[in-house]
Number of protein chains: 2
Amino acid sequence: MRTNSQLSLALHLLLHMAEMNEPVTSERLASAMNTNAVVIRRLMGGLRERGIVQSRKGHHGGWTLSRPLAELTLRDVYLALGAGPLLSLTHRTQNPDCLIEQAVNETLDGAFRDAEALLLARFGEVSLAALQSRVHAATRGPAHLCLEGKTAP
Amino acid sequence: MRTNSQLSLALHLLLHMAEMNEPVTSERLASAMNTNAVVIRRLMGGLRERGIVQSRKGHHGGWTLSRPLAELTLRDVYLALGAGPLLSLTHRTQNPDCLIEQAVNETLDGAFRDAEALLLARFGEVSLAALQSRVHAATRGPAHLCLEGKTAP
DNA sequence: TCTCATGTAACTTTTATAGTTACATGATTG
DNA sequence: CAATCATGTAACTATAAAAGTTACATGAGA
């Protein structure tokens, strides 16, 4: 299931990839993020299924964005990562016949659904390009990259 | 940290306690909820600190509500259980110097805060008495209790 | 055909939560 | 006052989910 840190990680990766003009390997991304290449592949695999990124094998292979950042919102990424901690209410189902438990769970479900709907609406309004330009404005140029200092391709 | 199932459990317990006219022991509550007495005590301890319930030791001791359900909202219970899965964004802090990571985290924090604010507002409008009467309406009388069939005091 | 990189299964490590045991403390009752 | 009951809490174990690791099959280029 998606965790919030996965969402943060995915956005971080996508924004870094946008600064590159060639495919980036899982290995490089992993070392930049202080994690493992398989973790990157698992995460990116989900994004690929939703048409957000592409992968290529072999020499000069790696990951590339399949759309410009301007056509990608936080909502797209959030949804691509699957049902999250909001929707996953994980409420008790110990006594499913108990009317009290039913009423409690229905009420909580409704409120959490509303909150998630608001979250999605907010996310839908933020394109990754907006995030990127925010970073560029702060640096007056290309962002500081975690990839810097890592082994070049 | 609070999980959503803890919130569900706490509400479940409070509504059941409201049907009783005497203190209920952790032992009885635990057996009704198919869990352990210490788990109940840990949960209720937090609620006591926020003035929601009271405890009494010794003979005929146990837990009682310290206010009527009409003066208790879901918001009160939610807050009493401490910072939750929404606020606890648990975002990456692997590369705290990276401008991209900073921008991503700030943006996510803002959106999650908004969602939690909505959730709290919704919760603030629902008193436990409203939940209780909803249950009573369904049964045309006192609710089916998980406590039923458990050892009487 | 050799090398590089993804794709994936299977396993281990880590971490958070729930559950358990044990015992000290305080309140009530006889 | 003493026996009993119930909370309060520390310390430990068990369980489950997530992250990380290893190993190897597959496919693409050079």
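Order of the sequence lines fixes the chain letters, A, B, ..., with proteins taken first and strands second; residue numbering starts at 1 for each chain.
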Self-check item: DNA chain C: 5'-proximal contact among A/R42 and A/S55 (nearest heavy atom)
Solution: A/S55

Practice problem: Write down the distance between CE (B/M33) and C1' (C/dG19), rounded to a whole number of angstrom. | Solution: 17 Å

Quiz item: Rounded to the nearest Å, what distance is computed from the CE atom of residue A/M44 to the C1' atom of nucleotide C/dT6?
Solution: 12 Å

Exercise. Report yes or no: do A/L79 and A/L128 belong to one cluster of Ile/Leu/Val/Met/Phe/Trp/Tyr joined by side chain heavy-atom distances under 4.5 Å?
Key: yes

Self-check item: B/T35 side chain near C/dG19 phosphate (N/O to OP1/OP2, under 4.0 Å)
Solution: yes

Practice problem: State whether B/S5 places a side-chain N or O below 4.0 Å from either non-bridging phosphate oxygen (OP1 or OP2) of C/dA18. | Solution: yes

Exercise. Give B/R56 one of three labels, base, sugar-phosphate or nothing, depending on what nucleic acid heavy atoms sit under 4.0 Å from its own.
Key: sugar-phosphate

Exercise. Can you check whether any acceptor in the base of C/dT25 is under 3.5 Å from a donor in the side chain of B/K57, or vice versa?
Key: yes

Quiz item: Are A/Q54 and C/dT6 close enough that a side-chain N or O sits under 4.0 Å from OP1 or OP2?
Solution: no

Quiz item: Would you say B/L11 and B/L69 are hydrophobically clustered, going by side-chain heavy atoms of ILVMFWY under 4.5 Å?
Solution: yes

Practice problem: To the nearest Å, give me how far apart CG (A/L81) and P (D/dA18) are. | Solution: 13 Å

Quiz item: Would you say A/M20 and A/I52 are hydrophobically clustered, going by side-chain heavy atoms of ILVMFWY under 4.5 Å?
Solution: yes

Exercise. Write down the distance between CG (A/N36) and C1' (C/dT14), rounded to a whole number of angstrom.
Key: 14 Å

Quiz prompt | Base C/dT29 to side chain B/H59, donor-acceptor N/O within 3.5 Å cut-off | solution = no

Exercise. For the residue pair B/H16 and A/E101, confirm or rule out a side-chain donor-acceptor distance under 3.5 Å.
Key: no

Self-check item: Distance, rounded to the nearest Å, where A/R41 contributes CZ and C/dC4 contributes C1'
Solution: 11 Å

Practice problem: Please report, rounded to the nearest Å, how far the C1' atom of D/dT7 is from the NE2 atom of B/H60. | Solution: 16 Å

Exercise. Spell out, as yes or no, whether a donor-acceptor pair under 3.5 Å connects the side chain of B/S66 to the backbone of B/G51.
Key: yes

Practice problem: Figure out the CG/C1' separation between B/L29 and D/dA6, and round it to whole Å. | Solution: 12 Å

Quiz item: Within the pair B/T25 and D/dA6, is there a side-chain N or O less than 4.0 Å away from OP1 or OP2?
Solution: no

Quiz prompt | Gap between atoms CH2 and P, on B/W63 and D/dT7 respectively (whole Å) | solution = 7 Å

